[in-house]
Amino acid sequence: MSLEGKVAIVTGSGRGLGFAYAQELARRGAAVVVNDVDAETAAEAVASIEAAGGVAVAVVAPVGPTETAKQLVRTAVDTYGRLDILVTNAGVLRDTVLWKMSDDDFDTVIDVHLRGTFTCVREAAIHMREAGEGGRIICIGSPTGQRGNFGQTNYAAAKAGIVGMVRTWAMELKRAGITANAVIPVAATVMTATVPYFAAAVEADEQGEPMPDFFRHDLGFGTSDDVAGLVAYLASDAAVDVTGQAIGVGGDRMQLWSHPEPVATAFHEGGWSYEALEAGFAEAVGDLQSVGEEFPPLPEELQRPAPTR
Ligand SMILES: NC(=O)c1ccc[n+]([C@@H]2O[C@H](COP(=O)([O-])OP(=O)(O)OC[C@H]3O[C@@H](n4cnc5c(N)ncnc54)[C@H](O)[C@@H]3O)[C@@H](O)[C@H]2O)c1
């Protein structure tokens, strides 16, 4: 098995995508520290992994504070003797437009996603560097972090920040043989269940039916299990040379995201004064960049009324 003898931590792995990652890592031979704030789902996740012949232990604690990060690494090392893989997946949403977003909405999302990723990766990196056997850091981003999204100021900041940190960590951890990558998933989970555009796909998934091709292929939207293969691959020895990347996956589609690069470069001798810009901005930059994700029109047979949940 490709991850035999390895030990992994997956944050927020009681349900949804995190559970799919934990299951897949365990199925490939890794012992897994399952983490969640919800004790019941964490226990169920561990029981399900064990029932399938895997090895797992639960840590019920909120990701964000340093103490939780320390507890996760300590549990991996005390229980299984080592730590090879960290997947920072725990997440919450507090969606609303900017002018209605409270300090608490902002701080909660930043705390779990951005600070939680920072504290967990810092703790794992300290341990992995000391152990001297390399490691795998896999952080979970989002299309919202890459492109922006209406109603998601807090989430866009956190997810863009995570990819920014991953670029930096790929540089800082290279010498220690630790790779750091971001996975940009899209899947039918509780998080996407209320988005009307995805309703037909979520409905199919809930009924155990295959998702329509339009979602899997054209949109790159599938099940949590569709994302788990990439996480397992990045966690494996086979991906030793893959670092500093942001890789999107969903349904049948995988995409390598670009890191921001200048798309237009222009020079003006003496510098770009207001007058120079007024006269030459449009010509100098060319086409402006678009923001947000554009979805193709939903075929009529896949249109559903907005779910009431
Ligand atoms: N579903 C998608 O299409 C999608 C798209 C892009 C990114 N993501 C990201 O993938 C990750 C998982 O999303 P999901 O759709 O499976 O969501 P989900 O809500 O189904 O699962 C998130 C899990 O994290 C747990 N959690 C919440 N706060 C926590 C904390 N402080 N500490 C530990 N656990 C905590 C929850 O209890 C839950 O079990 C998130 O980071 C999310 O932003 C999801």
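Indexing begins at 1, ligand by ligand and atom by atom, following the structure's order. Just so it is clear, the values below take in all heavy atoms, side chains as well, and ignore hydrogens, waters and symmetry mates.
Any N or O atom pair closer than 3.5 Å counts here, and Gly16 shares no such pair with ligand 1. The N/O atoms of Arg15, backbone and side chain alike, include one that comes under 3.5 Å of an N/O atom in ligand 1. Taking any N or O of Lys159, backbone or side chain, at least one lies under 3.5 Å from an N or O belonging to ligand 1. For ligand 1, the polar-atom distance check finds no N/O of Ser142 at less than 3.5 Å from any of the ligand's N/O atoms. Checking only distances, Val63 does come within under 3.5 Å of ligand 1, N or O to N or O. Polar contact check, Val186 against ligand 1: no nitrogen or oxygen pair lies under 3.5 Å apart.
Ligand 1 does not have Gly116 within reach: every non-hydrogen atom of the residue lies 4.0 Å or more from it. A heavy-atom separation below 4.0 Å is not found between Thr11 and ligand 1.
Closest protein heavy atom to atom 43 (O) of ligand 1: Tyr155 OH, 2.5 Å. Looking only at protein heavy atoms, the nearest one to atom 16 (O) of ligand 1 is Leu17 N, 2.8 Å. The nearest heavy-atom contact from the protein to atom 27 (C) of ligand 1 is Gly91 O, 3.4 Å.
Residues forming a side chain to side chain contact (heavy atoms under 4.5 Å, CB included) with Phe281 (at least two apart in sequence, or on another chain): Leu277, Val285, Leu288. With sequence neighbours left out, Thr117 forms a side chain to side chain contact (heavy atoms under 4.5 Å, CB included) with Thr88, Val121, Cys139, Ile162, Met165, Trp169.
For Phe221, no heavy-atom contact with ligand 1 is shorter than 4.0 Å.
With distances taken over non-hydrogen atoms, the option nearest atom 37 (O) of ligand 1 out of Thr41, Asp36, Asp38, Thr108 is Asp36. Closest heavy-atom approach to atom 40 (C) of ligand 1 among the candidates Thr88, Ile140, Leu72, Asn89: Asn89.
Taking the six-membered ring for Trp and the full ring otherwise, Phe198 and Phe295 have centroids separated by under 6.0 Å.
Ile49 and Val57 fall into different hydrophobic clusters, where Ile, Leu, Val, Met, Phe, Trp and Tyr residues are linked whenever their side-chain heavy atoms come under 4.5 Å apart, directly or through other members.
Using a cut-off of 4.0 Å between Lys/Arg side-chain N and Asp/Glu carboxylate O, Arg129 and Glu172 are scored as not salt-bridged. Taking a cutoff of 4.0 Å between a charged side-chain nitrogen and a carboxylate oxygen, Lys70 and Glu123 qualify as a salt bridge.
Using modelled atom types, one side-chain atom of Asn35 and one backbone atom of Gly12 make a donor-acceptor pair closer than 3.5 Å.
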